[in-house]
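Below is one structure, written out as structure tokens; comments come after it.
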2 protein chains.
Amino acid sequence: MSRVSSAERRAALVRAALRVIDRDGVHAATTRMIVAEAGMSLASFHYAFRSRDEMMRELIAFVVADEQRVSLEALDPDADIRSAVRAGMRAYFELLRAHPSREQALQELVQYSLRTPGLEHLPRAQYASYFHTARVLLERGAENAGVQWGLPIEQLARILIAITDGLTVAWLADRDDEAAGTLIDFAADTIGALALSRRSVTPKSS
Amino acid sequence: MSRVSSAERRAALVRAALRVIDRDGVHAATTRMIVAEAGMSLASFHYAFRSRDEMMRELIAFVVADEQRVSLEALDPDADIRSAVRAGMRAYFELLRAHPSREQALQELVQYSLRTPGLEHLPRAQYASYFHTARVLLERGAENAGVQWGLPIEQLARILIAITDGLTVAWLADRDDEAAGTLIDFAADTIGALALSRRSVTPKSS
DNA sequence: GTCTATAAAGTGATAGAC
DNA sequence: GTCTATCACTTTATAGAC
């Protein structure tokens, strides 16, 4: 029996790798940097993982699942739909301001996967997860506010993710908080305007 | 006297580096790959540039200037504003479909600059250039269509760039042409709806 | 100016002692 | 299982012949 299970050692290495990536970027996450961060020897890495690529694969799966978990916790059940969308985007933006390197790392992981043979399919799953999360948030937000969407929710989810991604990379580049806030307000107004009250879509009963 | 000037050798190396980055990504643009692509020896690289970082600096400056030049050529002078915005975005999307690796490379260069000491300010300039280009396109489009904008044009430019960036990364991940087209139509409708006819904003003279 | 050869440092992965 | 030591390779950069 080992002092720590194989799964625990793997998880510890993934967490260490994430700290390195968060701090210095994907290119800095060498096996030596990762084991130094985890307080292990280099050989332990290859005892837990067959290769660095195998670890990166597990890391990306973990990150995608974690993003989904965090996003779904940020829903305000008592708000009109425009406020709910704005609050959700502002919550994300505060996360971005608090951990810019973390969000940048997620974008780097997409680029890395797209360029790495055998990992090209991961960004598709990552964005499918993003769209799913946005869709759930929009559905619950509309339910809480007593409205329904005037556009297919898949389209709305893609719009929301596109604006959020665009907001992120522009802010990472110029750190303009005011412009980001204005963009969020615009997005919330625009998306909020696409909601129809439930009564207005059943005029025969009024 | 040299057979080719120092500036020409530097430009040739930058173009070779761009071909490598376009094909295999920023991480693959090693000095050896670049000189092989340019048909030079390794020593020639360090004769033209003090270091790889110096070359990357010149490369990014070149790319930013080139993007600005290309974008400003894609303007249709005879269109209503909604069609003009949609046509501009569709033209960009066709460019993306034709050269996905090139657009991915631009995003990689942003991430690379943000992580490289001494290059952190370049993404700011790059996005300032993007915003300036979007602003010029929106101004000329409105002028051609005989309308004016109901929102500050800086805000509109940032919205346009954010949606374009978000569209790009999502499409690179899942290659969903139909979803991208729908997103473009939505963006064109939304931004087009923010244009006011010139007559409607000068009611006193009517 | 342009080459070959090589230095100096970093990389992923493994062998073998304990 | 966990270490040290090391292999085989790649990287940027430079020295020195021509």
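In this text the structure is predicted, and so the values were computed from the model without any measurement. Scope of the values below: all heavy atoms of this structure, side chains included, with no hydrogens, waters or symmetry mates.
Which of D:dA15, C:dT14, D:dA13 sits closest to the side chain of B:Ala43 comes down to D:dA15.
Rounded to whole Å, the distance from CZ on A:Phe45 to C1' on D:dT4 is 19 Å. In this structure, NE2 of A:His46 is placed 7 Å from P of C:dT14, rounded to the nearest angstrom. Rounded to whole Å, the distance from CZ on B:Arg50 to P on D:dT14 is 9 Å. If you take CG of A:Leu42 and P of C:dG16, they are 17 Å apart, rounded to a whole angstrom. C:dT2 atom P lies 14 Å from atom CZ of B:Phe49, rounded to whole Å. Between B:Met40 atom CE and C:dG1 atom P there is a gap of 14 Å when expressed in whole angstrom units. Atom CG in A:Asp24 sits roughly 15 Å away from atom P in C:dG10 (whole-Å rounding). Between B:Tyr47 atom OH and C:dG1 atom C1' the separation is 5 Å, expressed in whole Å.
Side-chain nitrogen and oxygen atoms of B:Ser41 include none within less than 4.0 Å of the OP1 or OP2 phosphate oxygen of C:dT2. Side-chain nitrogen and oxygen atoms of B:Ser44 include at least one within less than 4.0 Å of the OP1 or OP2 phosphate oxygen of C:dC3. At D:dT2, one or more side-chain N or O atoms of A:Arg9 fall inside 4.0 Å of OP1 or OP2 (strictly under the cut-off).
For the atom pair CG (A:Leu137) and CG (A:Leu160), the distance works out to 8.0 Å, reported to the nearest 0.5 Å.
In this structure, A:Asp80 does not pair ionically with A:Arg86, as no charged nitrogen and carboxylate oxygen lie closer than 4.0 Å. Ion pair A:Glu103/A:Arg97 not flagged as a salt bridge, since none of the NZ, NE, NH1 or NH2 atoms sits closer than 4.0 Å to an Asp/Glu carboxylate oxygen.
With hydrogens and angles ignored, no donor-acceptor pair under 3.5 angstrom links the side chain of A:Arg32 to the base of C:dG10.
The aromatic rings of A:Phe45 and A:Phe49 lie tilted to each other, with the angle between the two planes from 30° to 60°.
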